[in-house]
Amino acid sequence: SERIGRGMMAVREIRRGRADDIPALIDILWRGMHEGAAPRYSAQQRRAWMPVRPTPEGYAIRLAGQAVFVAELDGVPTGFMTLCGDGCVDFAYVVPEARGTGTADALLAMLVNHARISGIGALTARASDMARPFFARHGWTAIAPAPQVRDGVTMPATDMTLPLAA
């Protein structure tokens, strides 16, 4: 738990995702893309990347088979990360107001621990310009630029890796 305000305790929990988290994860994803990414990506880039909110049904299918980790503050989801069976971190988002609070650090620590226990030898991610410094701070190495083009709009990204010690 962490102390916030005067005499108030807020409880942060990192847990496995549940099916009933899907609407909240979509909100976190949408806000992360359209609000949180504003300092590094233009409005045109953000619209091209995610022009409409995913549907709960479609997003549930997208996350099927992935390990999903959710951060909550006082029971309200504030971030999430997902891990594919091959070691690829598919999603890593926190709400803008959770930046700098240790939420993403705690999520990544849980994800890395899960990967090690699962016998995954290395993690990979296609990191946005927003996420690249975060991953680098946690020991990830840039492999190569991996710009993404959607609807004719280019968004910078970088393929990164983190070897996991046995």
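For the single chain, residues carry numbers from 1 onward in sequence order. Note that the structure is a prediction, hence the values are computed from the model and not measured. We use all heavy atoms of the structure for the numbers below, so side chains are in, but hydrogens, waters and symmetry mates are not.
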K.L.:
Give every residue pair that meets the salt bridge (charged side-chain N to carboxylate O under 4.0 Å, His left out) criterion with at least one member in residues 148-160, sequence neighbours excluded.
P.N.:
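Those involving residues 148-160 are R126-D159.
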
K.L.:
Report, one line per pair, each donor and acceptor closer than 3.5 Å where one atom sits in a side chain of residues 62-70; sequence neighbours left out.
P.N.:
unit_1, atom_1, unit_2, atom_2, d
R62, NE, D90, OD2, 3.3
R62, NH2, D90, OD1, 2.9
R62, NH2, D90, OD2, 3.0
Q66, OE1, T82, OG1, 2.6
Q66, NE2, R62, O, 3.1
Q66, NE2, D90, OD2, 2.8

K.L.:
Please name the pair of heavy atoms, one in T103 and one in A71, separated by the smallest distance, quoted to 0.1 Å.
P.N.:
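Taking T103 first and A71 second, the nearest heavy atoms are CG2-CB, 3.4 Å.
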
K.L.:
Which atom pair, heavy atoms only, marks the closest approach of Q148 to A157?
P.N.:
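That closest heavy-atom pairing would be CG-CB, 4.3 Å.
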
K.L.:
Within this structure, what is the CG-CD distance for the pair L73 and E13, rounded to the nearest 0.5 Å?
P.N.:
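That separation rounds to 11.0 Å.
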
K.L.:
Please list all pairs meeting ring-ring contact (aromatic ring centres under 6.0 Å, His included) that have one or both residues in residues 14-35, counting only residues at least two apart or in different chains.
P.N.:
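Sorted pair list: W30-H34.
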
K.L.:
Under the rule for salt bridge (Lys or Arg N to Asp or Glu O under 4.0 Å), what residues qualify as partners of D86, not counting sequence neighbours?
P.N.:
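So D86 forms no salt bridge (Lys or Arg N to Asp or Glu O under 4.0 Å) with any residue.
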
K.L.:
Does the side chain to side chain contact (heavy atoms under 4.5 Å, CB included) test come out yes or no for V94 and T101, once each step is laid out?
P.N.:
CA-CA 10 Å; V94 298; T101 66; over 6 Å; no

K.L.:
What is the minimum heavy-atom distance between D129 and P133, and which atoms define it?
P.N.:
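For D129 versus P133, the nearest heavy atoms are O-CD, 3.3 Å.
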
K.L.:
What salt bridge (charged side-chain N to carboxylate O under 4.0 Å, His left out) pairs are there with at least one residue in residues 134-149, not counting sequence neighbours?
P.N.:
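Applying salt bridge (charged side-chain N to carboxylate O under 4.0 Å, His left out) to every pair that reaches into residues 134-149, excluding sequence neighbours, yields D105-R137.
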
K.L.:
At their closest point, which heavy atom of L25 faces which heavy atom of F80, and how far apart are they?
P.N.:
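Heavy atoms only, the tightest pair is O-CE2, 3.5 Å.
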
K.L.:
Among pairs that include at least one residue of residues 124-157, which meet ring-ring contact (aromatic ring centres under 6.0 Å, His included), considering only residues two or more places apart or in two chains?
P.N.:
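Checked against ring-ring contact (aromatic ring centres under 6.0 Å, His included) - neighbours excluded - the pairs reaching residues 124-157 are F134-H138, F135-W140.
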
K.L.:
Any pair with a residue in residues 16-26 that passes side chain to side chain donor-acceptor pair (under 3.5 Å), sequence neighbours left out, goes on the list, sorted by first then second residue, please.
P.N.:
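Non-adjacent pairs meeting side chain to side chain donor-acceptor pair (under 3.5 Å): R15-D21, R18-D20.
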
K.L.:
Which pairs with one or both residues in residues 40-56 pass salt bridge (charged side-chain N to carboxylate O under 4.0 Å, His left out), sequence neighbours excluded?
P.N.:
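Sorted result for residues 40-56: D27-R53.
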
K.L.:
Going by side-chain hydrogen bond (donor to acceptor under 3.5 Å, both in side chains), name the residues that satisfy it together with T158, two or more places apart in sequence or in a different chain.
P.N.:
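Counting only residues at least two positions away or on another chain, T158 forms a side-chain hydrogen bond (donor to acceptor under 3.5 Å, both in side chains) with R132.
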
K.L.:
Mark yes or no for whether Q45, through its side chain, and T154, through its backbone, hold a donor-acceptor pair below 3.5 Å.
P.N.:
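Side chain of Q45 to backbone of T154: a pair is present.
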
K.L.:
P54 and L29: which non-hydrogen atoms are nearest, and at how many Å?
P.N.:
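Closest approach of P54 to L29, heavy atoms only: CG-CD2, 3.9 Å.
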
K.L.:
Only pairs at least two apart or in different chains count here, so list each ring-ring contact (aromatic ring centres under 6.0 Å, His included) that has a residue in residues 35-64.
P.N.:
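Applying ring-ring contact (aromatic ring centres under 6.0 Å, His included) to every pair that reaches into residues 35-64, excluding sequence neighbours, yields Y59-F91.
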
K.L.:
Which residues pass the side-chain hydrogen bond (donor to acceptor under 3.5 Å, both in side chains) test with E35, not counting sequence neighbours?
P.N.:
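Result, side-chain hydrogen bond (donor to acceptor under 3.5 Å, both in side chains) vs E35: R31.
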
K.L.:
Are L162 and V89 close enough that some pair of their side-chain heavy atoms sits under 4.5 Å apart?
P.N.:
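A side-chain contact is absent here, since even the closest heavy-atom pair is not under 4.5 Å.
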
K.L.:
Please report the closest heavy-atom contact between A48 and M155, naming both atoms and the distance.
P.N.:
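Shortest heavy-atom separation between A48 and M155 comes out as CB-SD, 4.5 Å.
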
K.L.:
Under 6.0 Å from the CD atom of Q44, do we count more than 12 heavy atoms belonging to anything else shown?
P.N.:
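At most 12 heavy atoms, drawn from other residues, nucleotides or ligands, come within 6.0 Å of this atom.
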
K.L.:
For residues 110-124, please give each side-chain donor-acceptor pair under 3.5 Å, one per line with the distance, not counting sequence neighbours.
P.N.:
unit_1, atom_1, unit_2, atom_2, d
S118, OG, H114, O, 2.8

